[in-house]
Amino acid sequence: PSSICSGPYATASAPLNIDFSASDAVSGVLDVQLWYRYSPGIGQAPGDWTAVATPATVASGTFEFNPPLGEGIYDFYTLSRDVAGNGETEPDASTPPKATVRYDTTPPFSSSQVCVMSEDGQRECSTERFVKGLPFIVSFSAIDNICPVVSTTIYYRFNGGEWTDIGWTTDRPVGEFVFDIDRGVG
């Protein structure tokens, strides 16, 4: 027999729905077992494969997987058996996943700082700065340990007022832009 599985690239909702399908041309599919392994974040090695307790006794369907370790990156593998007793090989450390889902309920963290040139020509940056004159440079970064940051939007506030979108969004998580919106002295 053989089997495949799939799930969403990323989600903030649990349970994770893992679709599966198995086939066997001779004796038919007996059951399908879901396996998972967990990594706490991007760039961190996953742990060992673990079988989920109850196999499905149908050839296709959806496993509802409740992430036992909370947020993180979950790799999935399905193992099917046929009626004659043949089965796919259990996964080991070298087995690639058939599906990967990033379970992420925490927003990315972002920060910014204003950078100006000092009188002696040195670049000085600070998270809180009063600036004389426009334009000036704003440096920004956004990070997430589970899902890659796909866009960054810059907001500003004048004299403690409402946050305003400057109308500039980028697909980069780190960068700089020149701020030149003139709202007067404040």
Side-chain angles (χ1 to χ4, degrees), residues 1-112 139-155 163 165 168-175 177:
S2 63
S3 64
I4 58 173
C5 67
S6 63
Y9 175 81
T11 184
S13 301
L16 310 181
N17 290 322
I18 308 301
D19 298 326
F20 68 92
S21 178
S23 62
D24 183 82
V26 181
S27 65
V29 173
L30 175 66
D31 60 22
V32 180
Q33 177 82 55
L34 182 66
W35 291 66
Y36 78 92
R37 66 182 179 188
Y38 169 81
S39 168
I42 295 172
Q44 299 181 47
D48 295 331
W49 287 103
T50 302
V52 175
T54 307
T57 56
V58 294
S60 65
T62 301
F63 287 108
E64 289 187 355
F65 179 81
N66 285 301
L69 301 170
E71 286 189 317
I73 301 170
Y74 288 86
D75 290 334
F76 294 98
Y77 182 86
T78 47
L79 188 151
S80 61
R81 292 186 310 157
D82 67 19
V83 175
N86 302 307
E88 293 178 89
T89 305
E90 289 187 3
D92 61 24
S94 66
T95 304
K98 294 182 180 180
T100 299
V101 177
R102 290 147 188 83
Y103 177 52
D104 188 1
T105 60
T106 304
F109 171 78
S110 63
S111 63
S112 63
S139 167
F140 66 89
S141 67
I143 59 170
D144 190 302
N145 292 330
I146 298 171
C147 291
V149 174
V150 296
S151 70
T152 305
T153 302
I154 306 298
Y155 291 80
W163 286 101
D165 181 347
W168 186 81
T169 298
T170 181
D171 60 356
R172 297 177 301 152
V174 176
F177 73 98

Hey, could you give me the [atom1]/[atom2] distance between [X] and [Y], rounded to the nearest 0.5 Å?
| X | Y | atom1 | atom2 | value |
| --- | --- | --- | --- | --- |
| Asp19 | Ser60 | CG | OG | 9.5 Å |
| Ser2 | Lys98 | OG | NZ | 7.5 Å |
| Trp168 | Thr153 | CH2 | OG1 | 9.0 Å |
| Arg37 | Thr95 | CZ | OG1 | 7.5 Å |
| Ser80 | Leu30 | OG | CG | 10.0 Å |
| Tyr77 | Glu90 | OH | CD | 9.0 Å |

More than 12 heavy atoms from other groups under 6.0 Å of CG on Asn145: no
Go through the structure and list residues passing side chain to side chain contact (heavy atoms under 4.5 Å, CB included) with Pro173, not counting sequence neighbours. Val149
Residues that Asn17 engages under side chain to side chain contact (heavy atoms under 4.5 Å, CB included), provided they are two or more places apart: Thr62, Glu64
Test of understanding: with ring-ring contact (aromatic ring centres under 6.0 Å, His included), list the residues that count as partners of Phe76, not counting sequence neighbours. Phe65
Do Ser39 and Gln44 have side-chain N/O donor and acceptor atoms under 3.5 Å apart? no
Are a donor atom and an acceptor atom from the side chains of Asp75 and Thr100 found within less than 3.5 Å of each other? yes
Verdict with supporting geometry, Thr78 and Ile4, side-chain contact (heavy atoms from CB on, under 4.5 Å): CA-CA 6 Å; Thr78 47; Ile4 58 173; 5.6 Å; no
